[in-house]
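First up is the structure itself, then whatever we jot down about it.
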Amino acid sequence: HFNPEWAEWLRRSVPRSATRRVGSPKDAEMQSDARSTTHPVQREIKTEAQANSAFDEITYQKGQSIIRMLESFLGDDVFRDGIRKYIALHKYSNTTTADLWDALTEVSGKPIGEIAPAWTEQPGFPLVKFSRDGNTLKLAQERFTVHFENPPALQWQIPLTYGVEGVPTPNSFLLRDKSATLPTEVPNDRAVKLNVADAGYYRVAYDDASWQLLLKVVGGMSEADQLNLLTDARAPVEAGAQPLAHYLELAGKLTDQRHPNVFDQLIDTFVITHPPPVAPAVPPRF
C-alpha cells in the first residue's frame, strides 16, 4: 500500500534455475499446476508422509493467489471486513476453510461459498477463451494443461476482470458456465484486456483480432498487465497450442520498456542459466 513501486506480487521469489523457468510466484506455481503431477490445495491428509508432501508451491503460492483473486473480486474494504468477521467469530477456536468462505459471503453479499471450493478442491486452473463477434464480447472456458494427455475435464466459476481501451475503470464479471457473453459491447477497433493487474488465477487466449488490438496498445499498459500478457502468451507455446512467433511478436513490442519485472520475465524465457563449472581436481605435488 505504501510502496506500490515495489510491485511485490510480480517479483521473482526464488533464484533463476537451469532446469525450469521461474518468474513471478504466481507464474511459477501455474507452470506446476498445469501438469499431471499437480494436486488440489485442499486434500485429505492421513499420514505423516502426506502431510510433509503438502508443503509445496501449490498449497502455498496457489493458495495465496486464490485469496488475492477473491480480494480483487470483492474489493479491498469488503474483503478486509470479511476477514475481520472471520477472525472475530472464531477467535480462540479452530476453523475450516468453509468458515472463511461463509464470512466473506455474508459480508460481501456475493456467492464466495459457491465460487471458492472449485479453486481449492480441484487441481489445475482454467483457460478463458476471448473472442469478438462485431461489438459483442464472448467468453468460453476449458482446463489449461501442458504435456498432460487426457486430463479430466473441470469447470470453475471465474471472477473475471476486464479493461476496455480508453475507459479508466475496469469491469468485473462472474463466468459461471462453460461460455457466456459479456454485458459490455465494445467497438471492434478498441482493445479489451482480461485479468486486469494480473490478479486472477487463470490464463487468457485471445482471438487474432483482439490480440492484434492489444499489441497496438501494450506499450502503455501497467507493468502487471504487460507481465500478464507475456506469461499468457508463453504458456500456450509451451503447451504446443501456439507457435513461438506468437510470443516473440509480443516480446518485440516490450523491448523499449523500463519495467524490471517485464525484462526479468523475458530473460527467464530466453536465457538458460547453467551452474558454475566445477574445477578439475589438481593432483598434489610432492
Side-chain angles (χ1 to χ4, degrees), residues 23 26-27 30 34 69 72-73 125-146 153 155-257 259 262 265-266 269-270:
K26 191 186 83 167
D27 186 44
M30 291 182 89
M69 177 172 63
S72 174
F73 180 58
F125 58 88
L127 170 71
V128 178
K129 293 186 171 182
F130 176 82
S131 61
R132 310 170 79 116
D133 183 3
N135 297 342
T136 303
L137 310 179
K138 296 185 175 183
L139 304 171
Q141 67 160 298
E142 62 184 45
R143 184 177 180 181
F144 179 83
T145 62
V146 175
Q155 186 172 325
W156 292 261
Q157 293 192 41
I158 309 173
L160 295 166
T161 55
Y162 62 100
V164 177
E165 179 187 354
V167 179
T169 305
N171 300 288
S172 62
F173 179 78
L174 182 60
L175 178 58
R176 294 176 176 269
D177 303 310
K178 281 284 189 181
S179 60
T181 299
L182 286 175
T184 308
E185 287 200 347
V186 177
N188 60 14
D189 61 346
R190 293 169 66 183
V192 177
K193 161 79 173 58
L194 271 67
N195 200 356
V196 176
D198 195 37
Y201 192 75
Y202 52 89
R203 299 284 191 205
V204 181
Y206 299 88
D207 67 359
D208 187 63
S210 300
W211 183 247
Q212 294 304 318
L213 289 171
L214 285 169
L215 291 177
K216 292 179 180 178
V217 299
V218 66
M221 291 183 184
S222 69
E223 183 178 25
D225 282 320
Q226 290 180 352
L227 188 65
N228 171 252
L229 285 176
L230 279 170
T231 54
D232 278 0
R234 188 193 67 198
V237 175
E238 292 182 339
Q242 285 281 5
L244 179 59
H246 176 73
Y247 179 83
L248 295 177
E249 189 176 20
L250 173 62
K253 298 284 186 181
L254 297 175
T255 54
D256 62 345
Q257 296 295 304
H259 297 318
V262 169
Q265 201 283 331
L266 292 168
T269 298
F270 292 116

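Bear in mind that the values here come from a model prediction, so they are computed numbers and not experimental data.
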Does the side chain of [Y] come within less than 4.5 Å of [X]'s, by heavy atoms?
X      : Y      : answer
Thr181 : Leu137 : no
Tyr247 : Gln242 : no
Leu182 : Phe130 : yes
Thr184 : Tyr162 : yes
Val128 : Ile158 : yes
Arg143 : Pro126 : no

For the pair Glu238 and Arg234, evaluate salt bridge (charged side-chain N to carboxylate O under 4.0 Å, His left out) and give the outcome as yes or no after the intermediate values.
CA-CA 7 Å; Glu238 292 182 339; Arg234 188 193 67 198; 3.6 Å; yes
Using the rule given for side-chain hydrogen bond (donor to acceptor under 3.5 Å, both in side chains), can you reason through Thr269 versus Gln265, listing the C-alpha separation, both sets of side-chain angles and the distance that settles it, and then say yes or no?
CA-CA 6 Å; Thr269 298; Gln265 201 283 331; 3.2 Å; yes
Measure across [X] and [Y] and return the closest heavy-atom pair with its distance rounded to 0.1 Å.
X      : Y      : answer
Met221 : His259 : O-NE2, 4.1 Å
Ala191 : Val217 : CB-CG2, 3.8 Å
Leu175 : Ala180 : CD1-CB, 3.6 Å
Phe125 : Ala34  : CE2-N, 3.9 Å
Asp225 : Asp198 : OD1-N, 4.2 Å
Asn188 : Arg132 : CA-NH2, 3.7 Å

Taking [X] for its side chain and [Y] for its backbone only, find out whether a donor-acceptor pair lies under 3.5 Å.
X      : Y      : value
Thr161 : Val196 : yes
Thr231 : Leu227 : yes
Asn195 : Gly200 : yes
Asp133 : Thr136 : no
Gln141 : Asp177 : yes
Arg176 : Gln157 : no
Tyr206 : Leu194 : yes

Would Lys193 and Asp232 count as a salt bridge (charged side-chain N to carboxylate O under 4.0 Å, His left out) here? Give the steps.
CA-CA 12 Å; Lys193 161 79 173 58; Asp232 278 0; over 6 Å; no
Atom NZ of residue position Lys178 - does it have more than 12 heavy atoms of other residues, nucleotides or ligands inside 6.0 Å?
yes
Enter the distance from [X]:[atom1] to [Y]:[atom2] here, rounded to the nearest 0.5 Å.
X      : Y      : atom1 : atom2 : value
Asn228 : Lys26  : CG    : NZ    : 5.5 Å
Ser131 : Asp208 : OG    : CG    : 12.0 Å
Arg190 : Asn135 : CZ    : CG    : 10.0 Å

All side-chain contact (heavy atoms from CB on, under 4.5 Å) counterparts of Leu250, not counting sequence neighbours:
Trp211, Leu215, Val218, Leu229, Leu230, Ala233, Leu254
Apply side-chain contact (heavy atoms from CB on, under 4.5 Å) to residues Leu213 and Ser210 and explain how you reach the verdict.
CA-CA 5 Å; Leu213 289 171; Ser210 300; 5.6 Å; no
Please evaluate residues Leu160 and Tyr202 with respect to the criterion side-chain contact (heavy atoms from CB on, under 4.5 Å), reporting the C-alpha separation (whole Å), side-chain torsions for both, the decisive distance (0.1 Å), and the verdict.
CA-CA 9 Å; Leu160 295 166; Tyr202 52 89; 3.5 Å; yes
Between Asp189 and Lys216, is there a salt bridge with N-O shorter than 4.0 Å?
no
